[in-house]
Amino acid sequence: MNEHVQTATSTPLFDPLSPEFIRNPYPHYERLRATDPIHLTQHGMYLASRHADITVVLRDKRFGKDYPERIKRRYGPDVMKEPVFRNFALTMLQQDPPDHTRLRGLVAKAFTARRVEDMRPQIQRIVDENLDRIIPQGKMDLIEDFAYRLPVTVICDMLGIPMEHREMFYTGARNSGRILEPVPMTPEEIKQSNAGQAMIKMYFDQLFDIRRKNPGDDLTTQLLHAEEAGDKLSNDELYANIILLFGAGHETTVNLIGNGLLALFRNPDQLALLKAKPELITNAIEEFLRYDSSVQMTGRVTLEDIEDLGGKPIPKGESVLCLLGSANHDPSVYPDHPERLDITRPNVKPLSFGGGIHFCLGAQLARIEAEVAINTLLRRIPDLRLDDAENPEWRPTFVLRGLKRLPASW
Ligand code: HEM
């Protein structure tokens, strides 16, 4: 990539998959907000970095998803022949009303604040049982051994995935989330994603068979009923949305726990404060989401000509990328040192879960999982220390921001 700002510096303004950007995107966001808050990238997409503009894009009906058109502009007219894009297009995440409303309505009840609060004891049990197993070892990888297992177990429970099938999810490679990145996929990456998709589909075929024969009190059974009823959900939509729930339900939450723990251990005063006052955890989670969000960006397309977004006109049919991580550090909303971690910060309302009609369905669930995981870990292993807090290894993706591993001992 060779985008350059016409300033003293010659570093590219937006090079999201470069190791430097992945290590620490925040100085790059600061530069974008200051020099070109609606920046046209070399891939022809508009990049919004200020909180005010991003809030408009997420909430205003003149912006939508229009995924098939957006993706054709990026990859050419035949792109929807690729299973990975065809499938993604059918998820609620990429749909506009009325289909979005219909799909979201089919699962929304499972995610109400009350329903997920009722899951708290089960979440506590999962965390405790995992720690019972790990504590005698004296060391662990906080990502693989700790953060990863909780959200995968919870989403497997919600989807009714039998116990005996789970080991392959616990040990399986985490989905790279490459399809979400603003840098187009190479033909080889598309081929690999198609193959991965085919494997996952084969698994869900098995699960659908099991749940048709033995219906349960789970989301898969619920969606199978909707599909059988005929007009509410097509067979392809069934696959797409179950796969979405599985992916969205764990990758992001693993990273909330991982990024949150890293932030805490890099700020010993904040760590000590939370240990002394565990009741600060609810605000601390909002601050972790703000400080280093596990989702850094989401996109929309202009459904009509926009006269003025942050001072620029944007024609109909253009992609607008919203840098959520940048909005979360915008000093116009967080005037008191946005670059600092402060678990007592007042009025933290991060855009990490998006906004408007696509606001994250699993937000409350993710918050509760992270609350229980982090507080229980600190309580049960008070002398936990990170082996290398200075140079942790980040996963090579920008949109889903998270660590490869985070070794710790006690
Ligand atoms: C820290 C954890 C999480 C973060 C940061 C996160 C972030 C997001 C964001 C930013 C969006 C909106 C994307 C857009 O506007 O285009 C979203 C949507 C969504 N999330 Fe999450 N998410 C998290 C956890 C979860 C969990 C645990 C689940 C489910 C079990 C989940 C399921 C979904 C679904 C189904 C959507 C699509 C909603 C729609 O399009 O109406 N997420 N998430």
Side-chain angles (χ1 to χ4, degrees), residues 48 54-55 57-60 63-67 70 88-112 115-116 119 123 147-148 150-159 161 177 179-180 182 218-220 223 237 240-260 285-301 319-325 327-328 350-374 399-402:
I54 292 176
T55 306
V57 176
L58 293 175
R59 303 225 166 114
D60 190 318
F63 298 85
K65 294 280 183 164
D66 203 5
Y67 187 73
R70 182 152 48 108
F88 203 39
L90 291 173
T91 61
M92 71 182 92
L93 182 65
Q94 298 301 350
Q95 294 274 352
D96 291 308
D99 289 323
H100 170 261
T101 324
R102 172 177 55 86
L103 294 171
R104 189 170 165 121
L106 291 173
V107 292
K109 261 193 263 152
F111 291 95
T112 58
R115 280 290 284 274
V116 297
M119 291 163 68
I123 291 170
Y148 186 62
L150 171 64
V152 177
T153 307
V154 170
I155 196 67
C156 283
D157 282 350
M158 291 183 85
L159 291 175
I161 293 178
I179 195 170
L180 298 169
D218 56 71
L219 278 170
T220 304
L223 289 178
E237 286 172 338
N241 286 283
I242 292 270
I243 294 172
L244 170 74
L245 283 169
F246 188 75
H250 73 275
E251 181 83 30
T252 49
T253 311
V254 176
N255 294 338
L256 165 58
I257 297 170
N259 298 359
I285 298 296
E286 294 311 292
E287 176 68 352
F288 297 150
L289 283 159
R290 183 200 72 78
Y291 179 77
D292 200 9
S293 176
S294 51
V295 177
Q296 289 287 320
M297 193 201 84
T298 185
R300 295 290 186 274
V301 74
S319 284
V320 183
L321 306 180
C322 300
L323 293 173
L324 305 172
N328 288 341
L351 290 184
S352 313
F353 292 119
I357 61 168
H358 291 278
F359 182 81
C360 176
L361 204 53
Q364 197 51 21
L365 175 61
R367 287 179 174 123
I368 293 178
E369 288 184 29
E371 274 189 19
V372 173
I374 293 179
V399 175
L400 297 185
R401 176 166 173 77

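Order of listing sets the numbers, starting from 1, for every ligand and every atom in it.
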**Q** With heavy-atom distances below 4.5 Å as the criterion, would you say the side chains of Asp157 and Met119 are in contact?
**A** no

**Q** Look only at the side chain of Asn241 and the backbone of Leu90, and say whether a donor-acceptor pair between them is shorter than 3.5 Å.
**A** yes

**Q** Give me the residue, atom name and distance of the protein heavy atom closest to atom 11 (C) of ligand 1.
**A**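 Going atom by atom, the protein heavy atom closest to atom 11 (C) of ligand 1 ends up being Phe353 O, 3.8 Å.
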
**Q** Is any side-chain heavy atom of Phe288 less than 4.5 Å from a side-chain heavy atom of Leu256?
**A**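 Phe288 reaches Leu256 side chain to side chain.
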
**Q** So is His358 polar-close to ligand 1, meaning N/O to N/O under 3.5 Å?
**A**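 Looking only at distances, the answer is yes, because the N/O contact criterion of under 3.5 Å is met.
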
**Q** So which of Thr91, Asp96, Asp99 actually passes side-chain contact (heavy atoms from CB on, under 4.5 Å) with Lys65?
**A** Asp96

**Q** Just to confirm my output: which protein heavy-atom neighbour is closest to atom 36 (C) of ligand 1, and how far is it?
**A** Leu361 N, 4.1 Å

**Q** Return the closest protein heavy atom for atom 14 (C) of ligand 1 as residue, atom name and distance.
**A** Thr298 OG1, 3.1 Å

**Q** Provide, to 0.1 Å, the distance between atom 28 (C) of ligand 1 and the closest protein heavy atom, together with that atom's residue and name.
**A** Gly362 CA, 3.5 Å

**Q** For the residue pair His100 and His358, categorise the inter-ring angle as parallel (less than 30°), tilted (30 to 60°) or perpendicular (more than 60°).
**A** tilted

**Q** Can you name the atoms of ligand 1, numbered from 1 with element, that are less than 4.0 Å from a heavy atom of Arg104?
**A**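 Those qualifying, in numeric order: 38 (C), 39 (C), 41 (O).
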
**Q** Donor-acceptor pair, Asp66 side chain versus Val301 backbone, under 3.5 Å?
**A**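 Side chain of Asp66 to backbone of Val301: no pair is present.
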
**Q** Only heavy atoms count here, so choose which of Gly355, Pro350, Gly402, Cys360 is nearest to atom 18 (C) of ligand 1.
**A** Cys360

**Q** How far is atom 15 (O) of ligand 1 from its nearest protein heavy atom, and which residue and atom is that?
**A**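 For atom 15 (O) of ligand 1, the nearest protein heavy atom is Arg300 NH2, 2.8 Å.
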
**Q** As an exercise, identify every atom of ligand 1 less than 4.0 angstrom from a heavy atom of Lys65.
**A**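 This gives 14 (C), 16 (O) as the contact atoms.
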
**Q** Distance alone, cut at 3.5 Å: any donor-acceptor contact between the side chains of Gln94 and Arg70?
**A**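 Looking only at side-chain atoms, Arg70 and Gln94 do form a donor-acceptor pair, the distance falling under 3.5 Å.
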
**Q** Can you name the closest pair of heavy atoms from Leu400 and Gly177 and give their distance?
**A**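 Between these two residues, the closest heavy atoms are CD1-CA, 4.1 Å.
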
**Q** I'd like to know if Ser352 contacts ligand 1, where contact means a heavy-atom distance under 4.0 Å to any ligand atom.
**A**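 Per 4.0 Å heavy-atom rule, Ser352 contacts ligand 1.
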
**Q** I'd like the name of whichever of Gly247, Ala248, Gly356, Ala366 reaches closest to atom 25 (C) of ligand 1 through any heavy atom.
**A**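 Heavy atom nearest to atom 25 (C) of ligand 1 belongs to Ala248.
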
**Q** Is there a heavy atom in His250 that sits closer than 4.0 Å to ligand 1?
**A** no

**Q** Please name the residue in the list Leu289, Val295, Leu323, Leu324 that meets the side-chain contact (heavy atoms from CB on, under 4.5 Å) test with Leu351.
**A**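 Between Leu351 and the candidates, side-chain contact (heavy atoms from CB on, under 4.5 Å) is satisfied uniquely by Leu324.
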
**Q** Output yes when a side-chain donor or acceptor of Gln95 lies under 3.5 Å from a complementary backbone atom of Ala89, and no otherwise.
**A**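 Indeed, once roles are kept as given, a pair shorter than 3.5 Å links the two residues.
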
**Q** For ligand 1, which atoms, with element, lie under 4.0 Å from some heavy atom of Ile155?
**A** 30 (C)

**Q** Nearest to atom 3 (C) of ligand 1 by heavy atom, Thr252, Leu103, Val116, Leu244: which?
**A** Thr252

**Q** State whether the shortest distance between N or O atoms of Ser294 and N or O atoms of ligand 1 falls below 3.5 angstrom.
**A**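 Among all N and O atoms of Ser294, none is under 3.5 Å from an N or O of ligand 1.
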
**Q** Give a yes/no verdict on whether any heavy atom in Glu369 is under 4.0 Å from an atom of ligand 1.
**A** no

**Q** Does His100 come within less than 4.0 angstrom of ligand 1, counting non-hydrogen atoms of the residue?
**A**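 The answer is yes: ligand 1 sits under 4.0 Å from a heavy atom of His100.
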
**Q** Enumerate the atoms of ligand 1 whose separation from the nearest heavy atom of Leu256 is less than 4.0 angstrom.
**A**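 Those atoms are 1 (C).
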
**Q** Give a yes or no on whether the backbone of Pro350 and the side-chain of Arg290 come within a donor-acceptor separation of less than 3.5 Å.
**A** no

**Q** Does the residue Ile357 have a heavy-atom contact with ligand 1, meaning some pair of atoms that are separated by less than 4.0 Å?
**A** yes

**Q** For ligand 1 and Thr253, I'd like to know whether there is a polar contact (N/O to N/O, distance under 3.5 Å).
**A**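 Looking only at distances, the answer is no, because the N/O contact criterion of under 3.5 Å is not met.
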
**Q** State, yes or no, whether a side-chain contact exists between Arg104 and Ile357 at a heavy-atom distance under 4.5 Å.
**A**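 No - every pair of side-chain heavy atoms lies 4.5 Å or more apart.
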
